[in-house]
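The next block holds one structure in the form of structure tokens; read it before the comments.
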Amino acid sequence: MSDTKKIFLLDAYALIYRAYYAFIRAPRINSKKLNTSAIYGFTNALLEVLQKEKPSHLAVAFDPAGPTFRHKMYEPYKAQREATPEDIKLAVPYIKRLLEALNIPILEVSGYEADDVIGTISLKAERAGFEVFMMTPDKDYAQLVSDNIKMFKPRSRSGGVDVLGVAEVQEKFAVEKPEQVIDILALMGDASDNIPGCPGIGEKGARDIIKQYKNIPGIYEHINEFKGKRKENLIEFKEQVELSYTLATICREVPIEFNEDDLQVSEADSDKLMPLLEELEFKSLMARFGYESTPVVTAAPAQGDLFTQPQIEQAPVFASSLKTINDTAHAYYLVDNDQAYASLAADLSVQKAYCFDTETTGLDTATAELVGISFSWKKGEAYYVPFPDDRKQAEALVQRFKRVLEEEEIVKIGQNLKYDIQILKNYGVHVKGKIFDTMVAHHLALPGQRNNMDFMAEVHLGYSPIKLESLIGKKGKNQQTLREVDMALAKEYAAEDADITLQLKDFLMSKLKEAGLEELFYKTEMPLLLVLADMEATGVKLDVDELKNFAGKLHQRIEALEKEIFNMAGMEFNIASPKQVGEVLFDHMKIDAKAKKTKSGQYSTGEEVLTKLKGKHEIIDKILDFRGLRKLLNTYVEALPLLVNPKTGRIHTTYNQAMVVTGRLSSTNPNLQNIPIRDEDGREIRKAFIASNEDHLFLSADYSQVELRIMAHLSRDSHMVEAFAKGEDIHAATAAKIFKVDLSDVSDDMRRKAKTANFGIIYGISAFGLAERLNVSRTEAKELIDGYFENFPDVKAYMDKSIEVARDKGYVETIFGRRRNLPDINSRNGVVRGMAERNAINAPIQGTAADIIKMAMVNIQHELRKEGLQSKMILQVHDELNFDVLKSELERVKEIVKTGMENACKLSVPLAVEMGVGSNWHQAH
DNA sequence: TAATTCACG
DNA sequence: ACGTACGTGAATTAC
């Protein structure tokens, strides 16, 4: 434990409200009809802090009854706030009694709110050399943050916290100094406190303005740089903004003493505590306080002498006596000296298989550093090797395990191994040999179920592992890293992960076997995992200048559009806000008398709705254009350059192999599977995805109509199979059939309709959906569908069969056995059932396509490697693969790719691949 | 946090 | 009578 003084200051009401509403759907009521949600939630949060944060000092600040100095300044202050719920009023005395029993001081100063008290104490404590944590969900506190004063912000759902220090506040509010948070609040206002702010300025606007002008006075010094409505508002509401500034400022000069000793954490007074908990009927909390834990004693293994033995923890105030859920005997060893390293490596080298798990400082493989590696090859026994912070030393230590990690003959087991493999690659270790990834295995064996490790351990092993969050705090930009965590705790956590993962592997192996998924898993998914690791590491080069240039053009066009739109509307508004667009269009301009409203009572202003209104007013087109361009700018043009890795100069996406229910991959951070292509403006972005240098070219290869071909194969529909066999234009061929004309007489309109119908078929068609997309009557759509099924009767038969299979087995399968569970298939709710039926039709098709391209990827990568080619596979977009090809290798690579894709599997129709080459993605298409 | 919108296959 | 084509991820607004 560190010797720094650490004080926690809790904002009582803010936490009480939060606790109360957290249970609002299922309130905790005891036998005396007392709603104890707030008391329980608050107490729990308090105990969490005492246990996990181990503060040396702690106090709880309450808002006093009656008005504060702010009410004197501004009457409506907090006026519109609803009255405190009765349940909370009743809860407060209990909470105060509880605090008393815990010997925790209550701070309450008449005329000042809790935030003022905390603001004042935090300042005094900081001066007295404390590390201060203000525990509150209220973002206003961000203004108080300094080097030694941090916000400790509980997350609303599922526990965990965000710790906001200076860096986090700077990032979250886009400010240089935390004080500027006040300026932002003054502009945007705060509805819950009834701080008015400036009309027309919201969160984003306020941030942008303060970023540029630093503070409120700065705005008014440069007021002429503002234009239009915003300028008017800023001038008109100047006084209001200034008042808001004062209201939002937390007072740090509250007349209150700071007596360190009074706030020291001390033993609870159990004579007061126990009867109170009894009265409240908090059995679980009583158990937590009353339980005298005895440590699990485990036998040391033969070589145990070398390893640091499991430590029994100290017994501090409350935390020590908490009962653990799992009593499973286990032995986890710390491996932290030369002899132990050697011994562990030697033990590993004689295993057929072992499980390993890396612990790092983050989730981003580009920046995360190794903190430790855990190993396990026997249930209940695991080893944790902590790594030094120093990079050089860490690299040296990893060398000790390089040989066992690169040993071809040993199977490596892990959860999300792609990550561990990439981390190790950064440290010069190239994991080899067969792998078994429990996350991917689970996704295959039990599709649709959550596949994070904690969940799997609970459901399948009945075991509740230590949560990482409980050690490092929950997501937030600056949660702690495992490095800061006590090594004994880190060891328990990390070793347990390896132990559990190993146990999950046994369970999942038998599940895979039962479901007949071994081949898909071992021959496709596991090799694919390695392919994806390579693709992610390679990345794709981005031409940042090209995007900068494009951004400039877009900005100009957006501004021009904005002017036009405001002119047409006769008023200014936020065009990006669906709500405001709805109001302007339908209330102000009365463009459509009977506009649709969504469930939440808003006008619907989606693309569909607006497109239908196109003829009614020019403004519609302008709004659609505006939205399109802003989307482009915000989501791609300005976002992508920020994700270029400075070390490689490339974009490295992350593929998730265990996310999509149908078996497809998904891509995040950034998503490179939804880069625009459909319209001209968007397509420009693809020009920025370039080959790695002048010696390379961008090669793009995509399957032509792969899903329809799979439908043809699955249904064995002779007409469809024949059309594909002849290499006909499938949509035209479909049109010829359903419109009963010669292939040569198919008009563009007929082809378009047939194409839409073909897509509909894949999705599990409905007359309504088809009518909607074709913009024809439902009767016409129905006729089209009937015509389709008449001409392709086997397609209809296949669809019916799929649904029948689903009803019968509860799941459907791809050609290669990948399953999708459909529990809703027998639902009495027609809508829900209809959805499941369409899934029954679509999943085998989409899933088979996913299986096929995965097999192709594995084959292609294998071939590229085998021939020692330098060209690299860099992107996968569902039915498309992209490569960075060395010019001299182009012809050979094209051959490998084409064969690899076309021969990925044998169907009753040929698989066709189209390829293109250029200096960038755009050209290659 | 949920809903809305829109980018892709 | 109801709500309606399959599968995703990201940004934003508004609650």
Side-chain angles (χ1 to χ4, degrees), chain A residues 21-22 155-158 188 191-192 202-205 574-582 598-610 623-624 627-640 643 653-656 659-679 681-683 685-686 702-703 705-707 711 756-774 778 781 785 799 820 829-847 849-850 853 875-880:
Chain A
Y21 284 109
R155 293 208 141 193
S156 34
R157 289 172 80 79
S158 74
M188 66 182 274
S192 65
E203 195 176 327
K204 200 173 154 64
N574 181 359
I575 310 169
S577 161
K579 187 182 165 175
Q580 293 184 36
V581 169
T598 62
K599 329 169 204 176
S600 50
Q602 305 297 322
Y603 290 112
S604 169
T605 59
E607 210 251 327
E608 279 170 45
V609 179
L610 292 195
I623 290 176
L624 287 169
R627 275 193 190 164
L629 296 186
R630 258 198 54 156
K631 176 86 176 180
L632 231 47
L633 199 60
N634 290 339
T635 312
Y636 305 101
V637 182
E638 291 188 330
L640 286 172
L643 291 161
T653 185
T654 302
Y655 289 105
N656 195 332
M659 179 77 228
V660 183
V661 278
T662 54
R664 276 185 177 183
L665 300 177
S666 84
S667 153
T668 55
N669 206 350
N671 181 354
L672 293 184
Q673 294 181 320
N674 73 345
I675 303 300
I677 191 167
R678 290 174 189 166
D679 26 73
D681 283 318
R683 209 171 299 163
I685 293 167
R686 293 188 173 228
D702 65 287
Y703 279 118
Q705 313 296 349
V706 66
E707 294 191 343
M711 173 56 111
T756 310
N758 274 331
F759 274 110
I761 290 294
I762 292 164
Y763 296 148
I765 203 156
S766 77
F768 180 91
L770 187 61
E772 193 80 341
R773 260 142 266 264
L774 282 175
R778 232 191 287 187
I785 294 171
M799 293 168 74
R820 170 153 188 190
N829 180 333
V831 178
V832 172
R833 190 179 60 246
M835 178 77 150
E837 288 173 355
R838 293 192 295 275
N839 288 152
I841 294 160
N842 176 260
I845 299 170
Q846 194 182 113
I853 197 164
L875 293 172
Q876 191 254 38
V877 193
H878 310 307
D879 63 357
E880 165 188 343

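To find a chain, count down the sequence lines: A is the first, B the second, and so on, and within it residues start at 1. Since we're looking at a predicted model, the values are computed, not measured.
- A:Arg683 comes within 4.0 angstrom of no nucleic acid atom, judged by non-hydrogen atoms across all strands.
- A:Ile575 places its CD1 atom 15 Å from the P atom of C:dT12, with the value rounded to the nearest Å.
- Residue order along DNA chain C, read from the 5' end via each residue's closest nucleotide, puts A:Asn842 first among A:Met659 and A:Asn842.
- Of the residues A:Arg838, A:Glu837, A:Arg833, the one that meets the side-chain contact (heavy atoms from CB on, under 4.5 Å) test with A:Met835 is A:Arg838.
- A:Asn842 CG to A:Ile762 CD1: the interatomic distance, rounded to the nearest 0.5 Å, is 8.0 Å.
- For B:dC8, its base never sits under 3.5 Å from the side chain of A:Gln673 at any donor and acceptor pair.
- A:Ile762 comes within contact range of no nucleotide atom at all, as no heavy-atom separation falls under 4.0 Å.
- Within the 4.0 Å cut-off from OP1 or OP2 of C:dG7, at least one side-chain nitrogen or oxygen of A:Asn839 is found.
- The CE-C1' distance, from A:Met799 to C:dC6, rounds to 12 Å in whole Å.
- Looking only at side-chain heavy atoms (C-beta outward), A:Gln846 and A:Tyr763 stay at 4.5 Å or farther from each other.
- Looking at A:Leu640 and A:Ile685, their side chains come closer than 4.5 Å, going by heavy atoms from C-beta outward.
- Listed pair A:Asn674 / B:dG9 fails the phosphate criterion, with no side-chain N or O lying under 4.0 Å from OP1 or OP2.
- At the heavy-atom level, A:Gly834 lies nowhere under 4.0 Å from the strands shown.
- When the C1' atom is used for both B:dT5 and C:dC2, the distance is 25 Å, rounded to whole Å.
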Exercise. Which dot-bracket string fits DNA chain C when only Watson-Crick or G-U wobble pairs with both atom distances under 3.5 Å count, crossing pairs get [ ], and | stands for a partner on a different strand?
Worked result: .....|||||||||.
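- Look at CG on A:Leu632: it is 13 Å from C1' on C:dA10, rounded to the nearest Å.
- Put simply, the side chain of A:Gln673 reaches to within 4.5 Å of the side chain of A:Gln876, judged on heavy atoms.
- The residue A:Thr756 sits close to a base: some heavy atom pair falls under 4.0 Å.
- Look at CD1 on A:Ile623: it is 16 Å from C1' on B:dT4, rounded to the nearest Å.
- Within 3.5 Å, no donor on the side chain of A:Arg678 pairs with an acceptor on the base of B:dA7, nor the reverse.
- Comparing B:dC6 with C:dG3, their C1' atoms are spaced 22 Å from each other, to the whole Å.
- Within the structure, a side-chain polar atom (N or O) of A:Ser666 is placed less than 4.0 Å from OP1 or OP2 of C:dG9.
- Side-chain contact between A:Arg820 and A:Thr662 is present, with at least one heavy-atom pair separated by less than 4.5 Å.
- A close approach under 4.0 Å does not occur between any side-chain nitrogen or oxygen of A:Arg664 and OP1 or OP2 of C:dC6.
- A heavy-atom distance below 4.5 Å is not found between the side chains of A:Thr668 and A:Asn656.
- Residue A:Leu672 contributes atom CG, which lies 12 Å from atom C1' of C:dA10 at whole-angstrom precision.
- Between A:Arg838 and C:dC6, a side-chain N or O to OP1/OP2 separation shorter than 4.0 Å is present.
- Distance A:Asn656 CG to B:dG9 P: 20 Å, rounded to the nearest Å.
- Atom-to-atom, CG of A:Asp681 to P of B:dC6 comes out at 15 Å; the value is rounded to the nearest Å.
- The residue A:Ile841 sits apart from the nucleic acid: no heavy atom pair falls under 4.0 Å.
- Rounded to whole Å, the distance from CG on A:Leu640 to P on C:dA10 is 11 Å.
- Not one N or O on the side chain of A:Thr654 forms a donor-acceptor pair closer than 3.5 Å with the backbone of A:Asn669.
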